[in-house]
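See structure below.
Read the numbers this way: they start at 1 and go in the same order the structure lists the ligands and their atoms.
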Amino acid sequence: MPVSMLIFSTMLFTSSQDGSMLAPAKSYHPQTVAIRHGHEPTFHQEHNEAIFMTSSFVFDNAAQAAARFNGAEEGNVYSRFTNPTVASFEHRLAAMEEGKYCVAMASGMAAISGVILTLLKAGDHIVTSSSLFGTSVSLFSKIFSRFGVETTFVNLSEPGEWRDAVQDNTRLFFLESPSNPLCEIADIQAIADIAHDSEALLMVDNAFCTPALQQPLKLGADIVVHSATKYLDGQGRCVGGAVVTNHKDIYQELIVMMRTSGPCLSPFNAWTFSNGLETLSMRMAQHSKNAFELARWLETHNSVKFVNYPGLKTHPQHELAAKQRNPMAGAYDDAGGFGGVVSFEVIGGQQQAWDVIDSTRILSITANLGDMKTTITHPATTTHGRLTQPQRDKARISNGLIRVAVGLEYIGDIISDLETGLNKIGLG
Ligand SMILES: *Cc1c(COP(=O)(O)O)cnc(C)c1O
């Protein structure tokens, strides 16, 4: 009986009155939502979701085609507009963010650009922080600047700087928290309040935390963007992204932008992400536990100057990070829930950092993150390599800094893989 009710309720997901993707699942626990919501079986009664690998859809007759095209009849037309597999992913992710609307996109960068294409025009202004995913910095400073959209970069953790940066033409605030790679925390509610005082919107990139650990809409954000490529997939297979919001008007404009400019998500990738969402909470809890254990161990090593991890009591914004966590994160793991990314500075500089990286045997030397496989990166020469030295100094990306996106291997093996190189520094 409960199972049939679940199936019944998930089948209702397309027909809630305002197009909201949340309503039917609300009475279920988030973990049930992650597994059950958004799946609408076909007449074949398949248990796992089918993948609708089709670019277009067929009509019964010419009149139906006309009705679908002019919007008089709801239904699929073409997969740049809607696709059932993509819709399943959108409904599930929206429910997990406790947002009403979601639009899937071809990548995380497509999601961020899509929001800007939707909401801004020449002459508008963005406030964001310099602690941003590198490509997002380039998107604002190299691409959107050419279209007359101006951006001011402020300090992520100083709400006063956000307020001071507001201009008459400010339309959008954009932040990531925790930041990459230094794990600085933004006070999302305080920055949302400043945005709203200025009649601007706050967009939050939630790729690092995912809704399992942080739900920015509940902290005052208007829009959440995701690189689904990272933890939502969780196994490093597909590139994709999404936008989630509670504003119906923004959702409707986003759809028009998406259908017209074209960054739609592939059904295969959407299917992969929907399956990834089913295990997201458990994976994030374990990523967090492993990261916390690694961070605590690194703090005790003589070759390590300092460790950045929001779960450490020594992190200057530990309390704020804890306050902003999804309360459910604590339910899975009362020691953690602070995410899988740790960075630390070794004594010495670039050579010592490279030695630690090159001494690893199981960690993957790659800039990707959000994977079950632990990855290790030297930000100063890779992700932040194109910055000038003064820009790197300002961003506190030192030559001894190493970032580890902690995966789901056994934590003892991750630690001993790093220990090899760290012990060598002590000898040298
Ligand atoms: C990877 C990443 C992006 C870009 O996502 P893609 O899917 O690679 O386009 C944006 N923001 C953050 C925080 C990321 O880690």
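Using cut-offs of 30° and 60° on the angle between ring planes, the pair Phe140 and Phe174 is perpendicular.
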Show, in sequence, the C-alpha distance, side-chain angles and deciding distance for Val406 and Phe292, and conclude whether the side chain to side chain contact (heavy atoms under 4.5 Å, CB included) test is met. CA-CA 9 Å; Val406 187; Phe292 183 53; over 6 Å; no
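Cation-pi geometry between Lys230 and Phe133 is satisfied (NZ or CZ under 6.0 Å from the ring centre, within 45° of the ring normal). No cation-pi contact links Arg283 to Tyr231, judged by a cut-off of 6.0 Å to the six-membered ring centre and 45° from its axis.
Under a 4.0 Å heavy-atom criterion, Asp205 is in contact with ligand 1. Under the 4.0 angstrom criterion for non-hydrogen atoms, Ala111 is not in contact with ligand 1.
Checked against a 3.5 angstrom limit, the closest N/O atoms of Ile112 and ligand 1 fall outside it. In terms of N/O distances under 3.5 Å, ligand 1 is approached by Met109.
Residue Gly240 has at least one heavy-atom neighbour below 4.0 Å for each of these atoms of ligand 1: 7 (O). Using a 4.0 Å cut-off to heavy atoms of Thr229, the atoms of ligand 1 that qualify are 6 (P), 7 (O).
Regarding atom 14 (C) of ligand 1, its nearest protein heavy-atom neighbour is Lys230 NZ, 2.9 Å. Protein heavy atom at the shortest distance from atom 8 (O) of ligand 1 is Ser227 OG, 4.1 Å. Looking from atom 4 (C) of ligand 1 to the surrounding protein, the closest heavy atom is Phe133 CE2, 3.4 Å.
Glu184 and Ser177 form no side-chain donor-acceptor contact under 3.5 Å, judged by distance and modelled atom types alone.
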Which pairs would a plain distance check flag for residues 261-273, meaning a side-chain donor or acceptor within less than 3.5 Å of a matching protein atom at least two apart in sequence or in another chain?
from   : atom 1 : to     : atom 2 : distance (Å)
Ser261 : OG     : Met257 : O      : 3.0
Ser266 : OG     : Phe268 : N      : 3.1
Ser266 : OG     : Asn269 : N      : 3.2
Asn269 : ND2    : Val239 : O      : 2.9
Trp271 : NE1    : Glu49  : O      : 3.0
Thr272 : OG1    : Phe268 : O      : 2.9

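More than 12 heavy atoms of other residues, nucleotides or ligands lie within 6.0 Å of CD in Gln389, so this atom counts as buried by the packing criterion.
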